[in-house]
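Below you'll find the structure, written out as structure tokens, and then a few comments.
The structure presented is a predicted model; accordingly, all values stated were derived computationally and were not measured. Numbers here simply count residues along the sequence, with the first being 1.
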Amino acid sequence: MSTYVYGITASAHSALPDGLTGVGELPVRVLTEGDLAVVVSDAPENLRPKRKDLLAHQNVLAEAGTAGCVLPMRFGSVAPDDKAVTGVLAERADHYKERLRALDNRVEYNIKANHVEEAVLHHVMAENAEIRALAEANRQQGGGSYESKIQLGEMVAAAVQAREAEDGAALQRLLEPEADAVSVGPESTGWLANVSFLVDREQAETFLAAVERARRDLPHLEVRINGPLPPYSFVEPGPAEPAGTAAGSGAGTGAE
């Protein structure tokens, strides 16, 4: 049977409550390899990111983390069997030990941002004299010709697209000083920025204050924050790969 992987910890911190169950209500167990341990269960058949299982995944990580730092795996991480898991644990032992040290007492905040449409259009018009001139010419001509309307629309779209990259970079610059590490999410997610920040728990309030300042400094952005989360974006590579559509979206759990 395939093995479902929740997270990696030090073998000295691997105690779990009796009777703990995880995804698919299957019993959770611990595999050890030297100084490392990995929290696993059998993998349920037809694994899908149902809310009940997403919460079960998070609960196992929370329980495992009560005694020490845990490197969280993304929802749906499945290996062929227990031996494959412990084999990777042995092969990448130095990496996991370094990550356990680096991520101790740290959490992840995922920041996503998009433009507020009316506000960014105001910025584009204010900054681009050519667009303003064409818009005014169209207005004086009762809306302008079909061709001039198309031209204006294309110019505005290009200017907004250019602002996306600029504003995403500006947002990241404002938040980076308050984080220990940064992980940029995949492009083509529907957001102009999708960035995860690794933050010391004791500095969380400082980071959240920086997010609020960024919202004030960049009022033409809609900024969303998800966290604190286990530091999913700062663990790779893991001992298993997410199983197809079961893999979580967002910041590792599929909850967003």
Audit row: I111, R224, side-chain contact (heavy atoms from CB on, under 4.5 Å) steps and yes/no: CA-CA 6 Å; I111 303 293; R224 297 188 183 183; over 6 Å; no

Value rounded to 0.5 Å, distance of OG1 in T9 from CG in L71: 7.5 Å

Close side-chain approach of V199 and E178, heavy atoms under 4.5 Å: no

Under 3.5 Å: donor-acceptor pair, side chain of R216, backbone of A214: no

Heavy-atom pair of closest approach, residues L36 and A93: CD1-CA, 3.8 Å

Side-chain H-bond candidate by donor/acceptor type, S196 with N110, under 3.5 Å: yes

Derivation of the side-chain contact (heavy atoms from CB on, under 4.5 Å) call for Q172 and V184: CA-CA 9 Å; Q172 185 172 329; V184 178; 3.9 Å; yes

Side chain to side chain, I225 and L208, heavy atoms closer than 4.5 Å: yes

Closest approach of V60 to V39 (non-hydrogen atoms, all atoms of both residues): CG1-CG1, 3.7 Å

Value rounded to 0.5 Å, distance of CD in E222 from CG in L192: 10.0 Å

L61 and Q58, any side-chain heavy atoms less than 4.5 Å apart: no

Over all atoms of both residues, closest heavy-atom pair of V28 and S41: CA-CB, 4.2 Å

P177: partners by side chain to side chain contact (heavy atoms under 4.5 Å, CB included), with sequence neighbours left out: none

Main-chain N/O of V107 paired with R201 side-chain donor or acceptor, under 3.5 Å: no

Check ion pair E212-R215 (N to O, under 4.0 angstrom): yes

Reported CG-to-OG distance for the pair D81 and S2, which is rounded to 0.5 angstrom: 8.0 Å

S11 side chain to D35 backbone, donor-acceptor under 3.5 Å: yes

E91 atom CD, over 12 foreign heavy atoms within 6.0 Å: yes

Heavy-atom closest pair, residues G76 and L47: CA-CD2, 3.8 Å

Side chain to side chain, F234 and R106, heavy atoms closer than 4.5 Å: no

Heavy-atom pair with the smallest gap, counting every atom of P219 and V116: O-CG2, 4.2 Å

Side-chain (T21) to main-chain (L26) donor-acceptor, under 3.5 angstrom: no

Atom pair CG (D104) and CZ (R101), whose distance is rounded to the nearest 0.5 Å: 11.0 Å

Pairwise side-chain contact, P72 with P231, heavy-atom cut-off 4.5 Å (strictly under): yes

Check: E202 and N105 side chains under 4.5 Å, non-hydrogen atoms: yes

N/O donor-acceptor pair under 3.5 Å between D53 side chain and G24 backbone: yes

Closest contact, heavy atoms only, P44 versus V23: CG-CG1, 3.7 Å

Any donor-acceptor N/O pair, E108 side chain to S233 backbone, under 3.5 Å: yes

Main-chain N/O of L229 paired to Y109 side chain as donor or acceptor, under 3.5 Å: no

Euclidean distance, L218 CG relative to L174 CG, rounded to 0.5 Å: 5.5 Å

L20 side chain reached by N59 side chain, heavy atoms, under 4.5 Å: yes

Aromatic ring pairing Y6/H57, orientation class (parallel under 30°, perpendicular over 60°, tilted between): tilted

From V38, V40, V235, V78, residue fulfilling side-chain contact (heavy atoms from CB on, under 4.5 Å) relative to M73: V235

Heavy-atom side-chain proximity of Y4 to F75 below 4.5 angstrom: yes

Partner residues of D82 under the side chain to side chain donor-acceptor pair (under 3.5 Å) criterion, sequence neighbours left out: T3, R29

Separation between CG of D200 and OG1 of T206, rounded to the nearest 0.5 Å: 10.0 Å

